[in-house]
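Since the structure comes first, as structure tokens, the remarks are kept for the end.
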There are 2 protein chains.
Amino acid sequence: MPRTKGTVSIRDVAAAAGVSVATVSRVLSAASADVPVRKETRDKVERAIEELGYRPNDLARALLQHRTAAIGLVVPDISNPYYPPLVRGVEDAASSRGYRIVLCNTDRDPAKISGYLDTLIKTRVDGIVVAGGGWADVPDRTAVLGNYRTGLVAVGRHVTAHPSVRIDNVAASREAAGHLIGLGHRRIAFLGGPASSTTVQDRAQGYRDALKVAGLAESGAVVRYGDFTEESGYAATREILDVSPPPTALLCANDRIALGAYAAAADAGRRVPVDVSIVGFDDTPIARYVRPTLTTVSIPTYEMGGAAVRMLLAQLGGNTASEIETMPTRLVVRDSAAPPA
Amino acid sequence: MPRTKGTVSIRDVAAAAGVSVATVSRVLSAASADVPVRKETRDKVERAIEELGYRPNDLARALLQHRTAAIGLVVPDISNPYYPPLVRGVEDAASSRGYRIVLCNTDRDPAKISGYLDTLIKTRVDGIVVAGGGWADVPDRTAVLGNYRTGLVAVGRHVTAHPSVRIDNVAASREAAGHLIGLGHRRIAFLGGPASSTTVQDRAQGYRDALKVAGLAESGAVVRYGDFTEESGYAATREILDVSPPPTALLCANDRIALGAYAAAADAGRRVPVDVSIVGFDDTPIARYVRPTLTTVSIPTYEMGGAAVRMLLAQLGGNTASEIETMPTRLVVRDSAAPPA
DNA sequence: TTGTAGGCGTTATCAG
DNA sequence: CTGATAACGCCTACAA
């Protein structure tokens with residue numbers, strides 16, 4: 001019965017119900033707005049919709065309304081355990097407001113970032129949430145974004161002209177290092193991720209600040225860079241435990257690195273926290289399940305995702321308040337850090 | 001200069017370049033197909049595109065071509081470490097073929113599944129990849145999918161009329177249990193996830209098969225259900241280690257449960273694998289980094305994602321071959337399982 | 001090689 | 001309360 005090649009449209013419904021397409025459109029929008037439509041007519045139409053299994057074409061609607069109800073979500077790599085909660089935060093906040101999300105994994109590759117950005121603009125997403133780095137080498141598409149009224153909010157990044165939700169990495173790291181110092185540690189190493197990451201830079205900074213305050217600046221500062229993986233933490237730890245005297249504590253830029261450090265310590269015959277204390281960052285789910293349980297800095301990733309969506313929607317609504325939102329972190333003290341032997 | 005309210009369209013480009021919209025359209029599609037266009041004209045147009053920051057509207061294009069280049073990806077929960085590699089597999093395969101993905105987290109909630117399904121149809125995604133369960137209680141939308149030529153392939157599910165990519169959970173579990181039996185274990189417990197999950201049912205089945213083959217069926221079968229979390233594994237293990245005699249080995253339905261079991265064993269003063277052997281499922285990244293390293297069944301999740309996309313695209317192309325693709329699993333023997341003391 | 005015009009599936013405006 | 005009809009931004013014959 002549907003006339004267009006295999007896909008049922010509003011015209012088929014209109015024909016089946018014996019009304020005009022305009023009327024069908026009305027009963028469709030009657031749900032939200034209050035357009036007047038006779039009950040009898042509505043029933044006819046709804047029956048037709050049901051029988052034909054009709055689903056309105058949101059593309060056509062979007063074309064007309066200049067609004068797709070889609071949000072682009074750009075992350076470095078969903079396989080990094082840091083991101084799933086953020087993604088959930090974004091998705092839950094988005095879907096509860098009628099938006100869907102299109103996910104883009106960039107691997108921090110400027111070419112991929114660039115490509116995804118173009119795709120998102122071409123599909124006319126209403127806005128974009130970007131997390132993580134790799135943007136330094138991406139040609140600035142801001143003007144184009146503006147051309148198409150695409151909103152953008154960054155999460156966890158520092159260098160951007162757009163609104164952003166972030167945490168105070170310097171302060172968080174200072175607190176974590178301070179905790180170790182308070183425990184009596186004097187030789188503390190910092191195991192970072194990529195040196196190019198502003199997050200890593202900030203955490204290294206907080207670490208140095210804490211050492212300086214404690215008067216340990218030169219004697220005890222040891223900073224290693226690598227990436228955000230277990231391997232990286234493992235390798236760095238194996239090396240670092242070999243120097244003499246070895247550090248008595250390790251401040252890791254994330255939990256994955258800390259996990260690698262656990263493994264390296266075990267393989268080197270050192271016990272945590274007796275021989276070496278370890279502190280992480282992120283409070284990933286495993287932190288509670290490794291033994292000893294991991295002392296780490298908790299970051300409200302899920303909430304940050306939600307906040308990003310709220311800011312984005314505000315931005316789309318023309319509301320330009322709260323350009324930067326800083327969310328609180330918290331040092332979760334567990335069993336992996338103790339006074340040095 | 002753009003005339004339409006704030007967003008630059010093909011007409012603006014045409015005007016700026018002093019040509020017709022058709023010509024602009026041609027230089028746009030000239031990239032892929034080979035439409036004839038004079039170099040001089042092309043340059044003019046491309047200059048205009050550049051200057052105006054023009055990005056073609058894929059909505060309009062999709063409307064015309066009945067093809068959105070979008071794939072819906074439905075998973076229970078991206079925060080479950082099992083899914084990120086699958087999602088990456090899908091995204092990488094999709095994006096390399098010019099498709100983008102819209103991500104849907106269902107929490108196995110029939111209402112959410114249903115809602116997302118409608119959204120995906122309304123936005124006219126070309127196809128849908130569904131992973132994980134919760135579909136038993138969802139009213140069948142298959143007819144509607146057909147109305148809109150939406151492809152669908154399931155990954156890791158058994159009850160479905162659609163093509164699917166899966167693994168042989170029964171055989172994999174049989175092998176894992178067999179490994180434990182071969183080590184000399186006689187009292188082996190199975191720690192499952194949700195009893196309603198076909199995956200869990202199959203793994204329990206494989207476990208029972210192995211026991212039976214070894215003549216242990218009645219004496220040694222202990223099956224616990226719960227969910228796929230560390231908590232669940234922790235709780236089950238604490239209980240199970242209290243019975244006397246306790247099992248000497250634990251076969252866990254996934255690595256998260258196994259991780260919970262590690263923690264419970266430690267808290268109960270039992271050593272792995274001396275006092276209790278543990279085997280997991282999934283070969284999550286942490287498996288290599290816990291100590292002792294975790295013996296577990298490796299599942300090619302990333303590849304399964306890629307396979308799903310290939311099958312989906314074949315389906316869209318009218319190719320209906322390979323209705324079911326079964327991918328190989330592999331028991332990765334590490335240090336968490338050893339002969340009983 | 002380039003321009004004109006019709007239509008993709010909706011919604012919105014205006015008459016009736 | 002309902003029905004024509006003109007957009008939305010683009011592609012694709014068909015003409016020129």
Side-chain angles (χ1 to χ4, degrees), chain A residues 2-45 48-49 52 54-69 121-124 126 147-149, chain B residues 2-15 17-45 48-49 52 54-69 121-124 147-149:
Chain A
R3 32 167 252 28
T4 33
K5 33 185 169 171
T7 131
V8 18
S9 86
I10 197 172
R11 268 197 292 265
D12 301 312
V13 178
V19 299
S20 73
V21 296
T23 301
V24 176
S25 177
R26 273 190 209 96
V27 340
L28 250 28
S29 40
S32 40
D34 38 43
V35 254
V37 45
R38 208 201 323 167
K39 175 158 176 32
E40 204 175 323
T41 313
R42 164 196 306 277
D43 288 347
K44 269 194 308 192
V45 172
I49 289 179
L52 277 65
Y54 168 67
R55 294 289 184 284
N57 186 331
D58 274 348
L59 294 171
R61 199 193 300 247
L63 190 56
L64 211 46
Q65 299 180 155
H66 303 281
R67 181 176 167 287
T68 52
I121 297 176
K122 291 200 291 188
T123 56
R124 298 294 190 269
D126 292 332
N147 273 351
Y148 295 101
R149 324 198 132 175
Chain B
R3 34 165 253 20
T4 33
K5 32 185 168 168
T7 129
V8 17
S9 85
I10 197 173
R11 267 196 293 264
D12 302 311
V13 178
V19 300
S20 75
V21 296
T23 301
V24 177
S25 176
R26 276 192 207 93
V27 340
L28 250 30
S29 40
S32 40
D34 38 41
V35 255
V37 45
R38 206 198 323 164
K39 173 156 177 31
E40 203 175 324
T41 314
R42 167 196 304 279
D43 287 348
K44 270 195 308 191
V45 171
I49 289 179
L52 295 163
Y54 169 67
R55 293 292 183 282
N57 186 331
D58 274 348
L59 294 170
R61 198 192 300 246
L63 192 54
L64 216 43
Q65 301 179 156
H66 302 281
R67 182 176 166 287
T68 51
I121 296 175
K122 291 200 292 188
T123 56
R124 298 294 189 267
N147 272 351
Y148 294 101
R149 324 197 131 176

Check your understanding: For every nucleotide of nucleotides 10-16 of chain D, 5' to 3': is a protein heavy atom under 4.0 Å from its base (B), only from its sugar-phosphate (S), or from neither (-)?
Key -> BBBB---
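A:Arg149 places its CZ atom 14 Å from the P atom of D:dC8, with the value rounded to the nearest Å. As a whole-Å value, the separation of B:Leu59 CG from D:dC8 P is 15 Å. Computed from coordinates, the A:Leu63 CG to D:dA7 C1' distance equals 9 Å when rounded to whole Å.
Using a 4.5 Å heavy-atom threshold, the side chains of B:Ile10 and B:Ser25 count as touching. Contact of the B:Arg55 side chain with the A:Arg124 side chain is registered, since non-hydrogen atoms from C-beta on lie closer than 4.5 Å. Between A:Asn147 and A:Ile121 there is no side-chain heavy-atom pair separated by less than 4.5 Å. With a 4.5 Å cut-off on side-chain heavy atoms, B:Leu28 and B:Ile49 count as touching.
When all heavy atoms are compared, the tightest approach of B:Tyr54 to B:Val8 is CD1-O, 3.6 Å.
Each of B:Val24, B:Val27, B:Val13, B:Val37 was checked for a side chain to side chain contact (heavy atoms under 4.5 Å, CB included) with B:Val19, and the lone residue meeting it is B:Val24.
A sub-4.0 Å separation between OP1 or OP2 of C:dT2 and a side-chain N or O of B:Thr23 is absent.
Within the helix from C:dT1-D:dA16 to C:dG16-D:dC1, the inter-axis angle between the opening and closing five-pair segments is 40°, rounded to 10°.
Judged by distance alone, with hydrogens and angles left aside, the side-chain atoms of A:Asp43 form no donor-acceptor pair with the main-chain N or O of A:Glu40 at under 3.5 Å.
Atoms CZ and NZ, on B:Arg38 and B:Lys44 in that order, are 7.0 Å from each other to the nearest 0.5 Å.
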